[in-house]
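Notes for the one structure printed next.
To find a chain, count down the sequence lines: A is the first, B the second, and so on, and within it residues start at 1.
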2 protein chains.
Amino acid sequence: MSLGQELIASRVEAFRQMLADRGQRATSQRLEIYRYLLETQLHPTAEEIYRALRERFPAMSLATVYKTLELLGDLGLVVAVGPPDGPSRYDGNPEPHINVTCLGCGAIIDLEDEQVAGWKEAVAKRSGYTIVASRHDFLGFCPACRK
Amino acid sequence: MSLGQELIASRVEAFRQMLADRGQRATSQRLEIYRYLLETQLHPTAEEIYRALRERFPAMSLATVYKTLELLGDLGLVVAVGPPDGPSRYDGNPEPHINVTCLGCGAIIDLEDEQVAGWKEAVAKRSGYTIVASRHDFLGFCPACRK
DNA sequence: CTTAGTGCAAATGGTTTGCAGGCAG
DNA sequence: CTGCCTGCAAACCATTTGCACTAAG
């Protein structure tokens, strides 16, 4: 499930290129936040990203994390997932897939599913909407939290 | 897609029975909030429910709406849906189905899909989680907001 | 009668915003 | 150089909570 260094690097590079095309700046904060999201499998909250990157960027602010996450969302590189209550969690995999969220501890795991990938067009046709993203959250309890 | 008066009445009655079984009280606020959710197809926010019922219950408070929505969620009668930004929207149909949300105007439509209904067990088996609910949100733009 | 539930208002907490100064291009 | 971005702190707003009063059983 992990992405591999060279794939991560190429995605970060693609991000840099998208910024250049839009006349926006590839700051180290933006690149590192995106890289961290690609590296981790933990679907962190904004706060968790902030704390994790604070070690390398002691001066970075939480507001910058939020602004960058919004930018990444607009570019379609990151989607917000997770339970309706509690803070949003961010997923660096924008392709349609299934998230399984534990209501006890907040852990989220991904499941790939080729059925989901084909749904976007079917839903667009049935609804008349232009679809830009989708979320598939299953809420429940992981084995450790079941008791 | 509308439910019909007798089906609504039977669901409200089932809610009343669940409350009795748990030793909780069937107040008029609780019953009317649930009835309103079953009647409307608009996936209202807590604020919208509050304003709609204020005509009939001028003294009802927004806090009661939130408390009742949490109760209905615990009972599995209502699920929160909608885009990650902005307030939660509530859906009186707890069966797995697809929501299509307009990022422009916030409108949400439902799509029934028998494939989704069968996923719960498949996901439970693949993930090892106990699944209690699921949300399937497609985000995009409705015909009117597309421009 | 008893106590769960309500209404009110204040508190909470995730997220957003305004602005002065700092780097990318 | 130029102005887009950042960091900071204050503002915002959906949601939650504490408490005295009300009504369901």
Counting only heavy atoms and a strict 4.0 angstrom limit, can you tell me which residues of residues 43-59 of chain A come near DNA chain D? A:Ala59

What donor-acceptor contacts under 3.5 angstrom involve side-chain atoms of residues 10-23 of chain A, with partners at least two apart or in another chain?
from: A:Ser10; atom 1: OG; to: A:Leu7; atom 2: O; distance (Å): 2.9
from: A:Glu13; atom 1: OE1; to: A:Arg16; atom 2: NE; distance (Å): 3.3
from: A:Gln17; atom 1: NE2; to: A:Asp21; atom 2: OD1; distance (Å): 3.1
from: A:Arg22; atom 1: NE; to: A:Gln24; atom 2: OE1; distance (Å): 2.8
from: A:Arg22; atom 1: NH2; to: A:Gln24; atom 2: OE1; distance (Å): 3.3

What pairs meet the salt bridge (Lys or Arg N to Asp or Glu O under 4.0 Å) rule with one or both residues in residues 24-42 of chain A, with sequence neighbours excluded? A:Glu32-A:Arg35, A:Glu32-A:Arg56

Rounded to whole Å, how long is the line connecting atom [atom1] of [X] with atom [atom2] of [N]?
X: B:Glu32; N: C:dG5; atom1: CD; atom2: P; answer: 18 Å
X: B:Leu71; N: D:dT16; atom1: CG; atom2: P; answer: 13 Å
X: B:Leu72; N: C:dG5; atom1: CG; atom2: C1'; answer: 14 Å
X: B:Leu19; N: D:dA23; atom1: CG; atom2: P; answer: 19 Å
X: A:Arg89; N: C:dG14; atom1: CZ; atom2: P; answer: 11 Å
X: B:Leu31; N: D:dA23; atom1: CG; atom2: P; answer: 16 Å

According to a strict under-4.0 Å criterion, is [X] in side-chain N/O contact with OP1 or OP2 of [N]?
X: B:Gln29; N: D:dA23; value: no
X: A:Ser61; N: D:dC8; value: no
X: A:Tyr66; N: C:dT15; value: yes

Could you check whether A:Glu121 pairs with A:Lys125 (Lys NZ or Arg NE/NH1/NH2 to Asp/Glu carboxylate O, under 4.0 Å)? no

Global bending angle along the helix from C:dC1-D:dG25 to C:dG25-D:dC1, which compares the axes of five pairs at either end, to 10 degrees: 40°

Can you sort out the partners of B:Phe138 under ring pair (Phe, Tyr, Trp, His ring centres under 6.0 Å), two or more places apart, ordered by chain and number? A:His136

Between B:Gly23 and B:Leu62, name the one whose nearest nucleotide on DNA chain C is closer to the 5' end. B:Gly23

Winner on side-chain proximity to A:Pro87, out of C:dT15, D:dT15, D:dT17, is C:dT15

Distances under 3.5 Å between protein N/O atoms and the N/O atoms of nucleotides 19-25 of chain C, please, pair by pair.
from: C:dG25; atom 1: OP1; to: A:Ala26; atom 2: N; distance (Å): 3.4

